[in-house]
Each structure stands twice: as structure tokens, then as C-alpha cells.
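Report on the following structure.
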Amino acid sequence: MLCGRYVLRGAAPLTTSLRGLLSNGSRAVQSFPRGHTRSVSTTLEACYENDSKTLFEDLGAEVDGPNFRVGSPGPTELAQCAKMLERAASWKMSQRNVESLFHYGPQKGDPDFRRALARFLSTRYKDEVLPENLIPTAGATQGIAMLTSFYFSAGDVVFVEDLTFFIALDFFRTELDLKIVAVPSDENGIIPSELDRLVHEHMASLRVPTDERPFKAMLYCIPTFHNPTGRCLSHERRAELVDVACQHDLLVACDDVYNLLPISRSRKQPLKLPKRLLAYDNVQPGDKTAGNVVSNGTFSKIFGPGFRLGWLEGPDRVLEPLRQSHFIRAGGAVQHVVAGIAEGLMSLGLLGKHVDHCRKVFEHRAIVLDAALTEHMPPGVSWQFPEGGFFIWVRLPENVDGDELERAVLQDKVLIFSGKNFSPESEFRNYIRLCFTYSSEELLEQGAAIIGKHIRKLSDTSQNAGT
């Protein structure tokens with residue numbers, strides 16, 4: 001009998017499904033046949049005890065060892081969220097008119113939350129963020145899903161960087177049935193002239209804009225501390241990219257989830273925090289007819305993924321139709337209660353201190369992993385120290401396949417991510433992505449040694465097979 005990922009053997013067969021195994025760990029059951037009290041009880045107990053605690057357990061991405069696969073703050077940082085939430089929630093519940101927090105939220109999102117978020121981001125970005133340009137989301141994934149599904153439908157074109165976030169690729173391809181067009185990148189990121197060329201090449205496939213849906217296609221990109229490479233798009237390319245988007249009526253959806261986490265290998269080097277792409281979209285206040293760029297942000301990377309809160313920042317031209325959508329009009333602003341608690345996190349200064357702490361911890365772990373790679377990688381392996389974010393992008397010898405390496409290191413309880421997952425065309429087979437934020441420094445060093453050992457084995461095997 002199946003219970004999630006677990007198989008129970010020896011239990012008597014049940015003629016009725018486990019409909020009573022409700023969410024949140026409930027053990028309630030309905031309509032079980034008589035005579036199966038013991039096996040049902042045993043079955044339920046085993047299911048209850050073996051229920052996954054996290055998404056990564058569901059996906060098999062948890063190991064008792066170095067974990068370079070999970071793109072998340074580490075367990076130590078996540079544990080710190082509890083006391084902060086307790087303080088923020090207590091503060092929010094003591095405010096006047098707190099009962100409105102438990103009502104349907106306003107379409108624009110709670111005004112106190114948006115003002116607090118605008119102040120927080122303005123300080124961090126060193127660039128003005130206006131409350132009226134923000135709407136809350138249930139995290140970055142929901143933000144992209146809401147934005148994309150509202151403005152585009154099956155068969156429409158989405159341009160993406162070749163390389164990009166693998167979940168976005170899966171969503172565009174399997175959930176929305178969009179036509180994915182990969183735009184070439186180099187060591188400096190996406191190439192705007194290549195985007196311009198590809199738009200012209202696919203012009204016949206682009207949708208015809210309307211007043212309600214004014215965009216021909218979408219560009220999805222991660223211009224700051226890119227996933228998986230960790231690089232930043234230059235000032236010149238940011239300006240060129242927005243020019244191309246405006247010229248061709250493209251909606252630019254920026255995953256800006258790592259923007260607040262710059263790192264540096266040396267304290268003598270200043271931290272690099274470039275202006276977000278939205279800042280290059282020249283929209284005048286009050287102009288409801290201009291604007292092509294939306295910034296998609298989240299608390300997942302700077303607080304905790306389980307918080308499920310994010311935001312879209314963009315021009316009124318893009319966001320106002322979303323506010324008027326049936327989805328928001330029917331249920332109000334998403335995550336209304338959570339947004340109220342987040343207001344407390346920001347207003348009390350808790351989130352700012354936490355972000356500063358996490359950035360320093362992540363920077364140190366990146367330095368530790370970089371040093372461990374330098375010590376343990378064989379000739380033919382190369383990488384660059386990231387400018388921010390969570391990841392180091394590693395190039396393997398040409399004769400080492402990332403998928404094979406992923407399977408090999410798993411035997412030693414190490415999780416990595418093969419590079420082909422990040423390519424729309426399944427290229428970059430001799431690359432891997434390593435997350436440095438989740439595991440401890442000790443595990444990062446252990447993992448690097450194990451990865452280096454298996455690269456040598458696979459390379460030697462390949463060379464021997466070719467002789």
C-alpha cells in the first residue's frame with residue numbers, strides 16, 4: 001500500500017481508499033470496512049509518521065549529507081525565523097482595526113504592508129519604490145504564474161535566457177503550452193542583439209496586441225545574480241534589453257529574487273548591487289499607457305520559503321488589469337494575513353537585520369565552497385565566484401556528463417544539479433549547479449571532496465573507453 005513515497009507491506013487490503021487522510025496530518029478516516037481495524041490503524045500511523053515535512057523531502061532532494069541541490073536558506077537561518085515571526089505577529093495583533101486583517105484583502109493589497117515594503121525596498125535598492133506600484137503575491141512562482149497566465153495563452157511565445165530557472169521552463173512548457181525560444185547568452189548574460197534578431201525571426205508567431213493584452217510576447221529573465229550562473233547583466237545590456245522590449249511590445253518578467261543578496265570574495269571589493277531592470281523602464285508617474293518591465297520578488301530567499309509571500313512591482317499598465325482580474329476580485333489580495341505579519345517584520349527592523357546576517361553567512365559559505373573546489377577539483381574543471389545569489393556554476397571536463405556525475409555522487413549521499421536542466425535545449429551537459437547557502441561549511445567541504453573524487457573517476461573511465 002502506498003503512503004506518499006512509502007510502501008507499507010503486510011497490511012490487509014482495503015476496499016475503500018484512504019479518503020480520510022486529510023491535509024495537515026489529519027488521521028480521520030471514513031467508511032473503512034469492518035475487520036480491518038488493526039491494519040487500518042497501523043497503516044494510518046505509518047503514513048502519519050512518514051509524512052514529508054518539506055517539499056524537498058517530497059521530491060527526494062533531502063539527504064543526510066552535503067546538499068548542493070536545494071536553493072534555500074539553510075536550516076540554521078530558517079530556525080531563526082520563529083522568534084522573529086512571534087514578535088512580528090504580536091506587534092501586528094496589537095494594532096488598531098486588526099480585524100480587517102482577517103477579512104478579504106483589498107485588491108491592491110494591504111496599504112500598510114505595501115508602504116512598509118516600499119520603504120524596505122527603497123532602502124535596500126537605493127532607489128525609490130512606490131507603494132502604488134506593488135501588489136502582493138504568494139511567492140515568486142505564483143507571481144510569474146499569475147502574470148504569465150493572465151497575459152498569454154497556449155501557443156504564445158516566451159523568450160528565455162539559455163540558461164534559466166528550470167521550474168519556469170517546466171511551467172511555460174507543460175502548464176501553459178507556450179512556445180519557448182532560447183536567447184543566446186555569454187559570460188556577461190543575455191545578449192540583447194540576439195533577442196532582437198529572434199523577435200524578427202519569430203514575428204509571424206507573435207500574438208497581435210489588444211487594449212487588454214498589449215504585449216506580443218514575453219521575455220523571462222534573471223538579470224541580477226542569475227540562476228544558475230550567479231552573474232549580473234551589465235548596465236549597458238540592461239538599457240539595451242529594455243529598449244528591445246519596448247520596441248517590440250514585449251512584457252519583461254524579471255525574477256528579482258536574489259537582488260538583496262550580493263556577495264564578494266574580498267572585503268576590499270565593494271558589493272555590487274546594480275539597478276534592477278525595472279529602473280530602466282522610463283515610465284512617468286501617473287502614465288497608464290507605458291511600461292514593459294515587471295520585477296518579481298519574494299521573501300523565500302531573504303526569510304523562508306514556507307512564508308509564501310512575494311510581490312510584483314511594475315507599471316500601472318501591467319498591474320492594474322491584474323488587480324481587476326477575477327482571481328483577485330473573487331478572493332481579495334493573496335496572503336493577506338501573512339502580509340500583515342510581514343509588515344511587522346519590516347516595521348520592527350527584524351527583516352533588515354536578518355537579511356544582513358544571512359548575506360554575510362551566505363558570503364562566507366560561498367568563500368568556503370570556492371576554496372574547497374580549488375583544493376579538490378581536478379584539471380579541466382572551472383567556475384567563477386558569483387556576484388550574489390545562491391549558486392556556483394561549474395564547468396566539468398568535456399568527457400564528464402553532469403547527469404552521470406549527479407548519479408555517482410548520490411551514492412555518497414551528495415546532491416547536486418545537472419546543468420542540462422537549466423537549458424531549454426538540454427545543452428550544457430558537462431555543467432553542474434552547486435548551491436552554497438543550504439549546507440554547513442563542514443558539509444560544503446566534504447561535498448566538494450566527494451564531487452572531485454567522482455569527476456576523476458568518470459573522466460578516467462571515459463578516457464580508458466576511448467583508448
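- A donor-acceptor contact under 3.5 angstrom links the side chains of Asp403 and Ser418, judged on distance only.
- A side-chain N or O of Asn227 and one of Arg433 form a donor-acceptor pair less than 3.5 Å apart.
- The distance from the CZ atom of Phe159 to the SG atom of Cys221 is 13.0 Å, given to the nearest 0.5 Å.
- A salt bridge links Arg323 with Asp316: the distance from a Lys NZ or Arg NE/NH1/NH2 to an Asp or Glu carboxylate oxygen falls below 4.0 Å.
- Here Glu240 pairs with nothing under the salt bridge (charged side-chain N to carboxylate O under 4.0 Å, His left out) rule; sequence neighbours left out.
- We find the CG-OG1 distance between Asp211 and Thr289 to be 11.5 Å, quoted to the nearest 0.5 Å.
- In this structure, Arg237 pairs ionically with Asp186, as a charged nitrogen and a carboxylate oxygen lie closer than 4.0 Å.
- The pair Glu363-Lys360 does not count as a salt bridge, with every side-chain nitrogen at least 4.0 angstrom from each carboxylate oxygen.
- Between Phe307 and Phe299, the ring-plane angle classifies as perpendicular under the 30° and 60° cut-offs.
- Heavy-atom neighbours of Gln384 CD from other residues, nucleotides or ligands within 6.0 Å: at or below the threshold of 12.
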**Asked** Would Asp255 and Ile144 count as a side-chain contact (heavy atoms from CB on, under 4.5 Å) if you check the C-alpha gap in whole Å, the side-chain angles of each, and the deciding distance to 0.1 Å?
**Response** CA-CA 8 Å; Asp255 249 351; Ile144 287 292; 3.8 Å; yes
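- With contacts defined as side-chain heavy-atom distances shorter than 4.5 Å, the pair Pro73/Phe390 qualifies.
- Counting only heavy atoms from C-beta outward, the side chains of Arg359 and Leu271 approach each other to under 4.5 Å.
- Proximity of Asp256 to Leu278: side-chain heavy atoms (C-beta onward) are nowhere separated by under 4.5 Å.
- Distance CD1/Ile328 to CE/Met146: 5.0 Å, rounded to 0.5 Å.
- Under a 4.0 Å N-O distance rule, the pair Asp112/Arg115 qualifies as a salt bridge.
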**Asked** Between Gln284 and Asn282, does a side-chain hydrogen bond (donor to acceptor under 3.5 Å, both in side chains) hold up when you go through it step by step?
**Response** CA-CA 7 Å; Gln284 299 303 314; Asn282 188 22; 3.2 Å; yes
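- You'll find the side chain of Ile416 reaches within 4.5 Å of the side chain of Leu434, heavy atoms only.
- Using modelled atom types and a 3.5 Å distance limit, the side chains of Ser185 and Asp162 yield no donor-acceptor pair.
- Across Leu241, Leu219, Val293, Asn296, a single residue satisfies side-chain contact (heavy atoms from CB on, under 4.5 Å) together with Cys254, and that is Val293.
- To the nearest 0.5 Å, atom CG of residue Leu345 and atom CZ of residue Phe303 are 5.0 Å apart.
- Cation-pi check for Lys301 over Tyr258 is not met; the charged atom does not lie both under 6.0 angstrom from the ring centroid and within 45 degrees of its normal.
- Residues Phe422 and Phe428 place their aromatic rings such that the two centres sit no closer than 6.0 Å.
- Looking at heavy atoms from C-beta onward, Tyr125 lies in side-chain contact with Leu260 at the 4.5 angstrom threshold.
- Defined by atom type and a distance below 3.5 Å, a donor-acceptor pair is missing between the side-chain atoms of Ser234 and Asn188.
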**Request:** Decide yes or no on salt bridge (charged side-chain N to carboxylate O under 4.0 Å, His left out) for Arg213 and Asp249, but give the supporting numbers first.
**Result:** CA-CA 10 Å; Arg213 306 288 191 274; Asp249 295 320; over 6 Å; no
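- Annotation: side chain of Asp156 is not in contact with side chain of Phe215 (no heavy-atom distance under 4.5 Å).
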Determine all donor-acceptor pairs shorter than 3.5 Å in which one atom belongs to a side chain in residues 365-376; sequence neighbours excluded.
unit_1	atom_1	unit_2	atom_2	d
Arg365	NH1	Glu77	OE1	3.0
Arg365	NH1	Thr437	O	2.6
Arg365	NH2	Glu77	OE1	3.4
Arg365	NH2	Glu77	OE2	3.1
Asp370	OD1	Trp383	NE1	2.7
Asp370	OD2	Arg265	NH1	2.9
Thr374	OG1	Asp370	O	2.9

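- Within a 6.0 Å sphere centred on CZ of Arg197, heavy atoms belonging to other residues, nucleotides or ligands number more than 12.
- Here Phe166 and Phe417 bring their ring centres to under 6.0 angstrom of each other.
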Side-chain donor-acceptor contacts of residues 79-94 below 3.5 Å, not counting sequence neighbours, with atom names and distances?
unit_1	atom_1	unit_2	atom_2	d
Lys92	NZ	Glu343	OE1	2.6
Ser94	OG	Trp91	O	2.6

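- Here the side chains of Phe120 and Val355 are in contact, with some heavy-atom distance below 4.5 Å.
- Taking the six-membered ring for Trp, Phe113 and His336 have ring centres at least 6.0 Å apart.
- In this structure, CZ in Phe391 is found 5.0 Å from SG in Cys435, a value given to the nearest 0.5 Å.
- Among Asn421, Val160, Ile222, the single residue meeting the side-chain contact (heavy atoms from CB on, under 4.5 Å) criterion with Phe165 is Ile222.
- No side-chain heavy atom of Leu443 sits under 4.5 Å from any side-chain heavy atom of Asn67.
- A distance of 10.5 Å separates CG in Asp127 from CG in Leu121, rounded to the nearest 0.5 Å.
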